[in-house]
Amino acid sequence: MARLYESRREQVFPKLTAQQIARLERHGRRIRTAAGQVLSEVGEGHRDLYVVLSGSLEIVRPGLHGEDPITTAVAGDFTGEMSTLRGLAGFARVRVCEAGEVLAIGDSEVRTLVQTDPEIMEIFMRAFILRRMSLIDADQAGDVFLVGSMHSSATVRLVQFLTRNAYPFVMRDVDTDKDAQSLTQGFDLSAGDLPVVLCRGQVVLKNPSNAEVAACLGMNPQLDPEKIRDVVVIGAGPSGLAAAVYAASEGLDVLVIETVAPGGQAGSSSKIENYLGFPTGISGLALAGRALVQAQKFGAEVAIATSAVRLSCDCKPFLVELSDGHTVRSRTVIIASGAEYRKLAIANLTDYLGVGVYYAATAVEKKLCGEGEVVVVGGGNSAGQAAVFLSDNSRHVHLLVRSGGLAESMSRYLIRRIEEAPNITLHARTEITSLEGNGRLERVTWRTGPNGQPQTQAIGHVFLMTGAVPNTEWLQNCVALDAKGFVRTGPDLHTDNAVPGGWPLTRPPLHLETTIPGIFAVGDVRCGSAKRVAAAVGEGSVCVQLIHRILSE
């Protein structure tokens with residue numbers, strides 16, 4: 001934790017001026033404090049942000065072995081981090097060290113401040129983000145532990161889930177970490193119980209689902225089934241996040257539903273170098289994280305580890321049924337559920353998911369690969385980014401494509417990188433035919449050309465980034481799809497320049513509108529979309545203007 005605190009302490013813990021505190025007064029209430037009084041406890045939601053007026057506060061992070069001190073806040077300092085902005089469960093205990101007075105500001109007023117006061121917004125948001133980064137950086141402290149083996153697909157899944165959602169946790173690998181054994185003994189755990197998430201040092205979750213972890217850690221807001229939203233966005237990829245940012249910034253009531261983590265397929269990209277405004281590139285995880293913070297700053301609510309399982313489009317407002325049994329209602333819906341990589345037609349493929357076969361190439365998977373050889377399958381930008389990223393420490397990267405080359409599907413800058421990398425080999429017209437291993441992937445067999453001889457290599461890591469299959473099964477015939485399952489919108493609905501049959505309005509469908517007025521589709525899930533981050537962001541932002549038109553009808 002000290003690494004980031006020491007290098008950027010003035011930004012992590014900035015001092016508020018007397019003039020700034022005076023502006024905050026009307027948003028909070030003064031409270032007299034007594035030594036030893038606990039103002040905020042770990043795991044509590046809807047906590048106040050405290051501005052110290054006099055006296056002092058000690059901020060600590062409880063763990064299994066006592067408290068880890070974070071800082072002491074004195075006059076001019078303030079508490080809080082990203083969970084404060086969202087009104088979700090926090091990570092720190094705030095206790096009065098020296099009696100005095102504080103200004104307590106509720107989470108709803110904190111959101112009002114960051115939306116209306118540019119100077120306060122910049123101070124708060126920078127501090128909140130850096131404090132969260134510091135908590136993640138402090139991988140030796142905290143009260144959320146993941147105990148398991150990185151040779152286990154379930155453990156890898158949980159590491160990916162917590163990491164992609166920027167949630168601080170401590171990893172204890174039973175294969176390499178001596179402390180893992182004492183944890184398993186202390187909580188009377190057996191090997192069959194792993195992986196285990198120790199939640200707040202009290203609740204033990206044995207091989208939990210992502211949804212169970214999210215619920216235990218208080219990662220999501222409480223959803224009111226009776227509330228009617230202006231717009232519900234299904235999916236937090238680039239298009240969904242862009243829609244959330246623009247809709248919330250324009251005063252609409254926005255809820256985003258996301259199955260795993262913000263970013264979609266783009267969130268698993270190691271580096272995106274052709275996105276406007278980032279000349280040195282940005283990781284998909286960082287881009288998604290920034291967009292999520294923007295959406296939350298403007299008041300959008302985001303529910304993680306929750307899926308839409310059914311959309312009722314024959315009623316108004318529309319009804320969305322969620323995987324946890326809850327329902328949400330909205331005047332409009334944006335389908336941004338994206339697409340997933342196509343699975344290879346190999347019978348035992350699922351046996352190796354997370355233990356040799358991956359659909360993302362982030363720092364988590366890169367660490368698993370070590371310095372060995374890897375295989376990347378696919379000819380698009382995601383595959384190219386993965387190959388270049390993994391070549392940094394892999395002995396050799398084999399890039400397998402079914403076509404004759406890369407020119408038709410990959411950006412030129414990535415092709416040049418691949419051509420110039422001495423440890424990347426392109427295998428054109430090549431397909432994997434079988435995978436082998438005992439508990440985890442150990443051998444890969446591929447064939448080049450229809451009559452080529454199978455080649456078996458002792459390789460234990462394969463990254464699949466082949467094509468796209470739309471996530472539209474949950475729509476259950478609610479809106480029209482094309483032959484491949486992508487959502488048809490706007491001009492694709494017209495026949496001979498006429499309004500499509502069954503369309504209930506006199507006006508034609510809007511550009512991103514589906515066969516149901518008020519339901520839109522954006523990004524990779526939409527028929528005919530350009531599979532680029534910038535295009536997805538553009539569609540999400542444009543869609544908000546169309547929603548304003550619908551809401552005014």
*Inspect the surroundings of CZ in Arg416 and state if more than 12 heavy atoms from other residues, nucleotides or ligands are less than 6.0 Å away.*
no

*asked:* Taking CD in Gln222 as the centre, count heavy atoms belonging to other residues, nucleotides or ligands within less than 6.0 Å. Is the count above 12?
replied: no

Salt bridge (Lys or Arg N to Asp or Glu O under 4.0 Å) partners of [X], counting only residues at least two apart:
X      : result
Lys367 : none
Arg342 : none
Arg429 : none

*What pairs with Cys199 under disulfide bond (SG atoms under 2.5 Å apart), at least two apart in sequence or on another chain?*
Cys216

*Does any pair with a residue in residues 194-217 pass salt bridge (Lys or Arg N to Asp or Glu O under 4.0 Å), and if so which ones, sequence neighbours excluded?*
Asp143-Arg200, Asp193-Lys206

*Any pair counted as salt bridge (Lys or Arg N to Asp or Glu O under 4.0 Å), so long as it reaches residues 443-467, sequence neighbours left out*: Glu436-Arg443

*Please say which of Asp351, Leu349, Ile432 ends up in a side chain to side chain contact (heavy atoms under 4.5 Å, CB included) with Val357.*
Leu349

How about [X] and [Y]: does a side-chain donor come under 3.5 Å of a side-chain acceptor?
X      : Y      : value
Arg8   : Ser134 : no
Arg402 : Thr466 : no
Ser307 : Thr259 : yes

*Is it true that Arg532 and Glu539 have a side-chain N and a carboxylate O under 4.0 angstrom from each other?*
no

*asked:* So that I can tick it off, tell me whether Glu258 and Arg164 are bridged by a salt bridge, with the cut-off set at under 4.0 angstrom between side-chain N and carboxylate O.
replied: no

[X]: which residues meet the ring-ring contact (aromatic ring centres under 6.0 Å, His included) condition with it, sequence neighbours left out?
X      : value
Tyr352 : none
His396 : His398
Phe463 : Tyr358
Tyr167 : Phe91

*asked:* One pair to check against side-chain hydrogen bond (donor to acceptor under 3.5 Å, both in side chains): Glu365 and Gln160. What are the steps and the verdict?
replied: CA-CA 9 Å; Glu365 292 80 17; Gln160 292 170 332; 2.4 Å; yes

Working to the nearest 0.5 Å, report the span between [atom1] of [X] and [atom2] of [Y].
X      : Y      : atom1 : atom2 : result
Leu158 : Ser153 : CG    : OG    : 9.5 Å
Ile334 : Ile257 : CD1   : CD1   : 13.0 Å
Arg93  : Glu44  : CZ    : CD    : 10.0 Å
Gln296 : Leu88  : CD    : CG    : 7.5 Å
Phe486 : Ile335 : CZ    : CD1   : 13.5 Å
Arg395 : Asn393 : CZ    : CG    : 11.5 Å

Closest approach of [X] and [Y], non-hydrogen atoms and distance?
X      : Y      : value
Leu241 : Pro262 : CD1-CB, 4.3 Å
Thr472 : Val525 : CG2-CG2, 3.4 Å
Gly263 : Pro238 : O-CD, 3.5 Å
Leu435 : Asn348 : O-ND2, 2.9 Å
Val328 : Leu223 : CG1-CD1, 4.1 Å
Ala386 : Ala361 : CB-CB, 3.6 Å

*asked:* With ring pair (Phe, Tyr, Trp, His ring centres under 6.0 Å) as the rule and sequence neighbours excluded, what pairs involving residues 172-221 come up?
replied: none

*Give a yes/no verdict on a cation-pi contact between Lys271 and Phe389, requiring under 6.0 Å between NZ or CZ and the six-membered ring centre and an angle within 45° of the axis.*
no

*asked:* Between Arg86 and Val302, is there a side-chain heavy-atom distance shorter than 4.5 Å?
replied: yes

*Determine whether Arg47 and Ser83 make a side-chain contact, defined as any pair of heavy atoms from C-beta on separated by less than 4.5 Å.*
yes

_Donor-acceptor pair, side chain of Asn210 and main chain of Ala305, under 3.5 angstrom_ = no

*asked:* For Ser529, is there any backbone N or O sitting under 3.5 Å from a side-chain donor or acceptor partner on Lys531?
replied: yes

*Thr433/Thr445 under side-chain hydrogen bond (donor to acceptor under 3.5 Å, both in side chains): CA gap, chis, key distance, verdict*: CA-CA 6 Å; Thr433 57; Thr445 300; 5.0 Å; no

*Pair Val293-Phe128, side-chain contact (heavy atoms from CB on, under 4.5 Å): steps then yes or no*: CA-CA 10 Å; Val293 169; Phe128 288 170; over 6 Å; no

*For Asp324, all residues meeting side chain to side chain donor-acceptor pair (under 3.5 Å), sequence neighbours excluded*: His326

